[in-house]
Amino acid sequence: MANKFYITTPIYYVNASPHIGHSYTNIAADTLARHMRKSLGKDNVWFLTGTDEHGQKIQKAADESGLSPQQFVDKVVTQFKDLWQKLNISNDDFIRTTEKRHIQTVTRALEIAYAKGDIYQAQYEGWYCVPCENFCTETQVQVEDKTCPDCNRPIDKISETNYFFKLSNYQDWLIKHIESNPGFIRPQIRENEVLSFLKLNKLTDLCISRPKERLNWGIPLPFSPEHVTYVWFDALINYISAVGSFDNSGRYVSKWWDKDTQVVHLIGKDILRHHAVYWPIMLHALGIELPKEMVVFAHGWWMMGQDKMSKSRGNVVAPLDMADKYGIDTYRYFLLRDVPFGLDGNFSEESIIKRFNSDLANDLGNLVYRTLTMIEKYFQGQIPGLVALDEQGKNILASIKALPKESGDLLSLNFSFSLSLERIWNSIAMANKYVEETKPWNLAKENKIDELKSFIRLLVEVIRASGDEIDPFMPQTAVSIKEQFGKKEIKKGNPLFPRIDTKSKPNSRLPAGR
RNA sequence: CGCGGGGUGGAGCAGCCUGGUAGCUCGUCAGGCUCAUAACCUGAAGGUCGCAAGUUCAAAUCUUGCCCCCGCAACCA
């Protein structure tokens, strides 16, 4: 079992503003990082996110806005950084592909691969649309009229010199590696997908360059001043350029990339092939050993009703709007609870409100509130001690004792955010049921003080235990629960999650900024 | 005959690999209770498990055929 944990998100392409999908990956990664910090210690966890800033589209977007590429990316990067701060993303580092440390590592990696003979020069031939400045794939081209699928203008077949990375050399190695490391690609269905793709197709070598006359916003190839590095070779390297470097002999050295570290790459299912095929081959070719417990986990997509979310359809949801409207923790909770990680989900404000009312307000919030009230009412704001426990009380105690391991394993072993939360909510439901069955109001009337004491103390224990497990998912809520039960004299105060009234006028009461 | 995912009570899903009383959440209805945010707890109604055939003592679950939906060009998690 590894004793260090290194988790990454993709580096996001900064040609547009962040959307719900970006925030999904980062919230998941953040939750895992927070959880692992609790079990391995703060110093043994490293959480990386960042931005991908080179390439044609960025150059183009910069031109259109009248800025230099650097000015343009500097501007958009701020949006990402601000968002992560707002959403309580606890990343330890933030890498930009325009940083010196990254450029140096990419350059070294290219040199090493080139020297090994894994990079070669060849002619690249394809259909090129001059106005769009883009190659169209063979399938995209309407062959008869030879026009560009985007702009319908004529395209030309052109040929240019480029550099290629020999993926094909390592195909057999990769198949073997995947087969002998179950759990490397997750969920299982993605592993099957990759394996069958690898077995059914011969990998074509990866084009890793662009001629400078077409694109100069990129990292120059060290062995050819006429070319810059194409984005994917550039981008994937971020995972190692951020946490280490090559020494003089070309050996990669890093605290976060060794036998004792579990490396986890969280990605969206759209970039599975890059991470499950190109990336391991690149590492292997560079002589970098893949950590034994390395995981590439491809999660699903958020759909907007029946449609895919896309910029062109104009149905992109801005994470900040949702967080502002419903609260940061609510947003985090919803994304991780509503849909199993790995599957696609449907996004709607209606389902956020549903989750909010039933899980957060009714189950958790109400449990906290009614418990606080009883402490105030029956014990003048002092949390009583455990005096005597009946059978049911013992069962409850046993159940919350088992909670950390059970909910924790679902997270760290299975990446099942939703099931982990479900397990926590079992405890909450159990406590609510316990209240009904114990009928504390009767105990009070009958003056059964010892029973009442133990009963309330047990409720507090359930809330504390649940709060600890909720912490990685909803950091603010966890703090707030701790505070409420940590006061010298406990008062009920305001509800944690005031119910959203959907029956009368909408938007009448929204939760405060938490 | 391209590849993959899916079709289970009103909604969203689990179960299928390793056949054997069809489960969960939400919603609906009824009841209970009052510590609580009309919240909580209990119970009920509601399903020929896409269609058809086959294997079997027994199929949501295995086999075959068919029908329907969604991805597989780009932006992009």
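Sequence lines set the chain letters: A, B, ... in the order given, protein chains first and strands last, and positions in each chain run from 1.
Inter-residue side-chain proximity for A:Tyr434 and A:Asn395 is flagged as unmet; no heavy-atom pair is nearer than 4.5 Å. With contacts defined as side-chain heavy-atom distances shorter than 4.5 Å, the pair A:Tyr12/A:Thr49 qualifies. A heavy-atom distance below 4.5 Å is found between the side chains of A:Leu459 and A:Met374.
Of the P atoms belonging to B:C26 and B:G71, the separation is 30 Å, rounded to the nearest Å. For B:A45 and B:A22, the P atoms lie 14 Å apart once the distance is rounded to whole Å. Annotation: B:G46 and B:U28 have their C1' atoms spaced 9 Å apart (nearest Å). Taking atom P in both B:A14 and B:G9, one finds a spacing of 13 Å when rounded to whole Å. Atom P of B:A44 sits at a distance of 12 Å from the matching atom of B:G23, rounded to the whole Å. On the C1' atoms, B:C40 is 10 Å away from B:C35, given to the nearest whole Å. Comparing B:A52 with B:C67, their C1' atoms are spaced 10 Å from each other, to the whole Å. With C1' as the reference atom, B:U64 and B:U56 are 16 Å apart, rounded to whole Å.
Considering only side-chain atoms of A:Arg355, the nucleotide from B:U25, B:A77, B:U37 that sits closest is B:U25. Closest to the side chain of A:Tyr24, out of B:C35, B:U37, B:A77, is B:A77. The side chain of A:Lys433 approaches B:C41 more closely than any other nucleotide in the set B:C41, B:U34, B:A74. Candidate nucleotides B:C35, B:G5, B:C26 were compared by shortest atom distance to the side chain of A:Ile189, and B:G5 ranks first. Listed candidates were B:C26, B:A36, B:C75. Nearest to the side chain of A:Ser358 is B:C26. Of the candidates B:C26, B:U37, B:C76, B:U37 carries the atom nearest the A:Arg499 side chain, counting heavy atoms from C-beta on.
Using a cut-off of 4.0 Å between Lys/Arg side-chain N and Asp/Glu carboxylate O, A:Arg457 and A:Glu461 are scored as salt-bridged. The pair A:Lys433-A:Glu436 fails the salt-bridge criterion, with no side-chain N (NZ, NE, NH1 or NH2) lying under 4.0 Å from an Asp/Glu carboxylate O. A:Lys325 has a carboxylate O that lies under 4.0 Å from a charged side-chain N of A:Glu349, or vice versa, which qualifies the two as a salt bridge. At a threshold of 4.0 Å, the pair A:Glu376-A:Lys492 does not count as salt-bridged, since none of the basic side-chain nitrogens sits closer than that to a carboxylate oxygen.
Sequence order on RNA chain B of the closest nucleotides to A:Pro340 and A:Gly300 puts A:Pro340 first from the 5' end. Taking the nucleotide of RNA chain B with the nearest heavy atom to each of A:Asp359 and A:Lys439, the more 5' of the two is matched to A:Asp359.
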Secondary structure string for RNA chain B (Watson-Crick or G-U under 3.5 angstrom, | for other-strand pairs): .(((((((.[[[[.)....(..]]]].(((((.......))))).....[[[[[..)....]]]]])))))).....

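Nucleic acid contact class of A:Gly21 (heavy atoms, under 4.0 Å, all strands): base. Here A:Leu367 lies out of heavy-atom contact (under 4.0 Å) with every strand. Note on A:Ile20: nothing from the nucleic acid sits closer than 4.0 angstrom, heavy atoms only. Counting any heavy atom pair closer than 4.0 Å across all strands shown, A:Ile271 reaches sugar-phosphate atoms only and no base atom. Among the atoms of the strands shown, none is found under 4.0 Å from any heavy atom of A:Pro440.
A straight line from CG of A:Asp344 to C1' of B:G5 spans 9 Å, rounded to a whole angstrom. For the pair A:Met303 CE and B:G12 P, the interatomic distance rounds to 14 Å; values are reported in whole Å. Atom OH in A:Tyr369 sits roughly 11 Å away from atom C1' in B:A39 (whole-Å rounding). Between A:Ile11 atom CD1 and B:C76 atom P the separation is 12 Å, expressed in whole Å. The NZ-P distance, from A:Lys269 to B:C70, rounds to 14 Å in whole Å. Atom CG in A:Asp363 sits about 16 Å away from atom P in B:U37, given to the nearest Å. Distance CH2 (A:Trp301) to P (B:C75): 11 Å, rounded to an integer number of Å. Atom P of nucleotide B:A77 and atom CZ of A:Arg273 are separated by 17 Å, given to the nearest angstrom.
Residue A:His299 places no side-chain N or O under 4.0 Å from the OP1 or OP2 atom of B:A77. Checking the phosphate oxygens (OP1, OP2) of B:A77, no side-chain nitrogen or oxygen of A:Asn26 falls inside 4.0 Å. Side-chain nitrogen and oxygen atoms of A:Lys354 include none within less than 4.0 Å of the OP1 or OP2 phosphate oxygen of B:U25. Contact annotation: A:Asn15 side-chain N/O to B:C76 OP1/OP2 distance is under 4.0 Å.
Taking the six-membered ring for Trp, A:Phe497 and A:Tyr369 have ring centres at least 6.0 Å apart.
For A:Glu437, the CD atom is densely surrounded, since the number of other residues' heavy atoms within 6.0 Å is greater than 12. Counted within 6.0 Å of CD on A:Glu179, heavy atoms from surrounding residues, nucleotides or ligands total more than 12; the atom is thus considered enclosed.
One donor-acceptor pair, N or O on each side, does fall under 3.5 Å between the base of B:C35 and the side chain of A:Glu436. In terms of polar N and O atoms assigned as donor or acceptor, the side chain of A:Asn366 comes within less than 3.5 Å of the base of B:A36 in a complementary pairing.
Taking a centre distance below 5.5 Å and an interplanar angle below 30 degrees as the stacking criterion, A:Trp441 does not stack against the six-membered base ring of B:C33.
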